[in-house]
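A short write-up of the structure that comes next.
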There are 2 protein chains.
Amino acid sequence: MTRARTRPRKSPSQPRSERTVEAIVEATARILETQGLSGFNTNAVADKAGVSVGSLYQYFPNKDALVVALSTRERALLGVALGEAARQAASLPLEGALRRLAHTAIHRQLARPDLARVLDFEEQRLVLEEPDRALTRDIAGNVATLLRRYRAVIQVADLEAAAYDLIAIARALIDAAVLRGQVEPVALEGRVTRAALGYLTGRANVAS
Amino acid sequence: MTRARTRPRKSPSQPRSERTVEAIVEATARILETQGLSGFNTNAVADKAGVSVGSLYQYFPNKDALVVALSTRERALLGVALGEAARQAASLPLEGALRRLAHTAIHRQLARPDLARVLDFEEQRLVLEEPDRALTRDIAGNVATLLRRYRAVIQVADLEAAAYDLIAIARALIDAAVLRGQVEPVALEGRVTRAALGYLTGRANVAS
DNA sequence: AGTCAATACGAGTAATTACTCACATCATGT
DNA sequence: ACATGATGTGAGTAATTACTCGTATTGACT
């Protein structure tokens, strides 16, 4: 029972094939954000990319691999932006740092809001089907590192878990905002920041 | 282009058919929590329910209707529990009230954690495909009503939206906890309560 | 006992779609 | 020019599965 691969082929590369892979990943994004899940099939992706299905399967072993590649690309962009934000936030108090992170994440997700929402969903599906798949590990690691600097003011012991929770909160609030069409970035940033700050520093503990 | 129905048939009812419908809904639950999405097909549900596919389609117009029915059943249970909790919390300060709600929601979701997670996911899918589908409207309404009592201490203006956001936060944190296997109810309750309280009362507003 | 509507059956169908493979074309080194 | 590996093609296949429909059974009422 060998676990199915999701990112195997595409070993050799001439510049030509690089462009093909790029086109396929971007076609996946465009299909997902314009047609949604129901329009997302490999033939449609190949068409949109201007290549044949055969070429698609030369570089991606199965349909999920498309989602993984796209997710990886988008998460990398987010990761870079968050890294930059974290450096800038180095001297800020916790609230300011969280706000910067929230601001950055919101900015990136709202750049292509429909894509963000569908992709979040697809990532959830992948994790549901294969729980150890680590799609947000890098980002969570970076967030955890940042959190460690504020250990003194944070009530939560497990900062790794806290990082994942903060990501889940941000995701939930951003996706909900997109769904409602309430995408005023500043207000949204405030909501995310307050929830995160409450999670980390609130002193609502055991009492009943 | 008439919108597809999701809960149409089953008009007439002898006691026999009631039991059939019950069996089908519960079979859906058991399939989802034991086999996950990949095992969820109408033949499997019919088998598990001990009825034929034909009978299934006598009462449910399509596969999604199964999910809607199950979701409705589970949300009703949660709704009743939350209503009770809200009454008991009537005299408590906001934090205590939120804690009671969190406690109740967690208790119910952890009763069948795997089902809760897959069902949350399926609900997301339904909303993604049909944005105006209102699966949590009743619960959100109840939460909003409760929030109105605390208007004085809440920073957020739109309490309807806040209710949806709080539900999204709770969902995200509970599902994340189930995924990680960290289901200590008390700690989880604390996390949800702190995030909710921060969201509502935090004074992280506009500053940059 | 007989009628009839409600309920149940489940083999079959039609549609979708992920994926393959035998073949074509390209581009690079000689 | 030509050889050769890399890259591209897309009609076809196989598997899955939601859903139908003609038929069978049940049970309530007379």
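All chains are named by letter (A, B, ...) in the order of the sequence lines, taking the proteins before the strands, and each is independently numbered beginning at 1.
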Are B:R117 and B:E122 close enough for a salt bridge, meaning some N to O gap below 4.0 Å? no

Taking the cut-offs as 6.0 angstrom to the six-membered ring centre and 45 degrees off its axis, would you call B:K63 and B:Y57 a cation-pi pair? no

Does OP1 or OP2 of D:dT20 have a side-chain N or O of B:Y57 closer than 4.0 Å? no

Proximal nucleotide (of D:dT20, C:dA8, C:dT20) relative to the B:S55 side chain: C:dA8

Among C:dT7, D:dG10, D:dT20, find the nucleotide with the atom closest to the side chain of B:V53. D:dT20

Got more than 12 heavy atoms from elsewhere within 6.0 Å of CZ, B:R180? yes

Below the 4.0 Å mark, does D:dG8 have OP1 or OP2 next to a side-chain nitrogen or oxygen of A:S52? no

Whole angstrom value for the distance that separates C1' of C:dC19 from CD1 of A:I24: 14 Å

Rounded off to whole Å, could you give me the CG-to-C1' distance for the B:L56 and C:dA8 pair? 12 Å

Taking C:dA18, C:dA6, D:dG8 as options, the one with an atom nearest any side-chain atom of B:R16 is C:dA6

Roughly, in whole Å, what's the span from CG in B:D47 to C1' in C:dA11? 14 Å

Closest to side chain of A:Y59, choosing from D:dT7, D:dT9, C:dA8: D:dT7

For C:dA8, take OP1 and OP2 only and decide whether either is under 4.0 Å from a side-chain N or O of B:T20. yes

Grab the CD-P distance between A:Q58 and D:dG10 for me, whole Å please. 14 Å

C:dA8 C1' sits how many Å from B:E18 CD, rounded? 16 Å

Tell me: NZ of B:K63 to P of D:dC19, nearest whole Å? 9 Å

Check A:R108 with A:E74, please: is the shortest side-chain N to carboxylate O separation under 4.0 Å? yes

Figure out the CG/P separation between B:N43 and C:dG12, and round it to whole Å. 14 Å

Considering just the side-chain nitrogens and oxygens of B:T42, establish if one lies under 4.0 Å of OP1 or OP2 belonging to D:dA18. yes

Heavy-atom count check: over 12 atoms from other residues, nucleotides or ligands less than 6.0 Å from A:R112 CZ? yes

Whole angstroms only, please: what is the CZ-C1' distance between A:R19 and D:dA6? 14 Å

